[in-house]
Amino acid sequence: MECTKCGNPDVIIERKASGQALCKDCFIKSIEKKVISTIKKENFIEKGDKVLVALSGGKDSVVTLEILNSYVERHIIELCAVTMDEGIAGYRNEGIEISKAHAERLGVPHKIVSFKDTFGISIDEIMALDEHRGSCTYCGVFRRWIINRVAREFGATKIVTGHNLDDETQAIMMNYLEGNVENLAKIGPKTESKSELFTVKIKPLREVPEHEIALYAEAKGLEVHSTPCPYAQASFRKEVANIMKDLSKEHPTIMYSTLRGFDKIRPAIRAEMSHNYEFDRCERCGEPSSNRLCRACTFLEELGK
Ligand code: SF4
Ligand code: ZN
């Protein structure tokens, strides 16, 4: 088999969805072109933006950093990065080291923020308690709290996350199946909020399938953290992920069509569900919140912190 772009016989991927076969160089170019075209189409980036990358050291965030760095080289944006240390022994350190190395290599200002220093408790300590809501619930809420704060500290105008096509279609299908229209309305390429204290979040990898991101990292020789978290458990999201993967075998365009279809009806869902949330400040931490306490502080009070 030959590369359908250049004829090179060393093909590294056959895309069933498009019938393309690509060699390493053409594959790398095709991913970069796709991400750049998503950025253009969604108006993600404006000249002068300071973009904060949520860098975990995993393939999605490392690839995001790598591709966005081409905008830095062209003097369009500035980059900065933040890595969370959730306090999970034997798991997070490797990701932190990999993140540090990539940030240093590209000269990107980088902060490492720990849950323990910020909230007085680590995920390991929470999981040792008799009563808790499950590690991932705290992780998600605490991470978002830190990212928003660090974005303001850096003076970032955008926050970029590494959500890929699989992540987006899983979120869409999960919320359809659960009938959770409120959450469905929140899915999309850009997360904007009425509160000025929240920074706009963008997802430049949302049209790239997960396995192609892994292949891009490998093709470019990028070191990534791939050890699974010890607390990762069976979840409804994983069940949906498996269904979508299975369907993709016989219907290779299914994730693309799920995303495209959703993007078409998204404005209608948003219009239907747009409540005028009154944002005030959390009484404890001063972050924006529609309740007396933000979710992070609600959890911290429950934990006695
Ligand atoms: Fe946190 Fe859950 Fe991810 Fe582990 S799997 S890092 S606990 S969100
Ligand atoms: Zn708070």
Side-chain angles (χ1 to χ4, degrees), residues 53-62 64 81-99 112-129 131-153 159 161-164 166-168 170-171 174 183 193 195-199 201 210 213 224-242 277-305:
V53 181
L55 185 64
S56 67
K59 62 181 183 333
D60 301 313
S61 61
V62 168
T64 304
V82 60
T83 302
M84 308 293 155
D85 181 356
E86 300 92 345
I88 302 174
Y91 162 68
R92 180 44 77 208
N93 278 356
E94 194 189 334
I96 292 175
E97 289 311 313
I98 292 172
S99 299
I112 299 160
V113 184
S114 87
F115 282 12
K116 178 79 181 169
D117 291 347
T118 312
F119 304 114
I121 194 160
S122 68
I123 290 291
D124 279 343
E125 286 168 346
I126 292 176
M127 293 307 279
L129 299 172
E131 267 189 57
H132 55 71
R133 293 168 176 260
S135 54
C136 304
T137 306
Y138 299 99
C139 249
V141 169
F142 289 166
R143 255 188 227 145
R144 279 194 292 277
W145 190 98
I146 290 176
I147 288 178
N148 273 310
R149 189 153 280 202
V150 171
R152 292 203 307 275
E153 285 168 8
I159 295 171
T161 61
H163 291 86
N164 58 47
D166 298 48
D167 297 326
E168 284 289 89
Q170 283 157 23
M174 270 171 63
N183 271 357
S193 165
S195 170
E196 289 157 11
L197 291 172
F198 283 126
T199 308
K201 291 200 180 93
E210 185 176 11
I213 293 170
V224 297
H225 181 219
S226 46
T227 319
C229 171
Y231 298 127
Q233 327 130 332
S235 62
F236 184 53
R237 178 181 274 269
K238 277 219 181 110
E239 289 177 53
V240 172
N242 291 337
Y277 286 117
E278 288 290 319
F279 272 108
D280 217 331
R281 300 253 185 164
C282 166
E283 249 177 54
R284 244 179 78 135
C285 71
E287 288 297 309
S289 171
S290 44
N291 297 309
R292 186 179 70 84
L293 290 183
C294 70
R295 282 196 87 201
C297 289
T298 308
F299 290 170
L300 289 169
E301 285 214 337
E302 275 174 20
L303 295 165
K305 290 285 159 190

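In each ligand, atom 1 is the first atom listed, and ligand 1 is the first ligand listed.
With N242 contributing its side chain and E239 its backbone, the two residues share no donor-acceptor pair below 3.5 Å. Panel note: side chain R92, backbone C229; no donor-acceptor pair is recorded below 3.5 Å.
Here the closest heavy-atom approach between residue Y91 and residue T227 is recorded as CE1-O, 3.2 Å. G120 approaches E125 most closely through the heavy-atom pair O-OE1, 4.1 Å.
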Original post:
Are R144 and E287 close enough, and set up right, to give a salt bridge (charged side-chain N to carboxylate O under 4.0 Å, His left out), and what steps lead you there?
Top reply: CA-CA 11 Å; R144 279 194 292 277; E287 288 297 309; over 6 Å; no

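Separation of atoms CD (E86) and OG (S122) is listed at 10.0 Å; rounding is to 0.5 Å. Distance check, rounded to the nearest 0.5 Å: CD1 of I98 to OG1 of T83 gives 11.0 Å.
Shown are I123, I121, L300; of these, the side-chain contact (heavy atoms from CB on, under 4.5 Å) with Y138 is made only by I123.
Of all protein heavy atoms, the one lying nearest to atom 3 (Fe) of ligand 1 is R143 NH2, 3.7 Å. Nearest protein heavy-atom contact of atom 2 (Fe) of ligand 1 is C136 SG, 2.3 Å. The protein heavy-atom contact nearest to atom 4 (Fe) of ligand 1 is C229 SG, 2.3 Å.
Counting backbone and side-chain atoms alike, C139 contributes an N/O/S atom closer than 2.8 Å to atom 1 (Fe) of ligand 1.
Excluding water, every protein N/O/S atom under 2.8 Å from the Zn ion (ligand 2) is given here by residue and atom: C282 SG, C285 SG, C294 SG, C297 SG.
Residue contacts with ligand 1, taken as heavy atom pairs separated by less than 4.0 Å, do not involve Q233 at all.
Between W145 and F119, the ring planes are perpendicular. Angles over 60° get that label, and only those under 30° would be called parallel.
Near S135, meaning under 4.0 Å from any of its heavy atoms, are these atoms of ligand 1: 7 (S).
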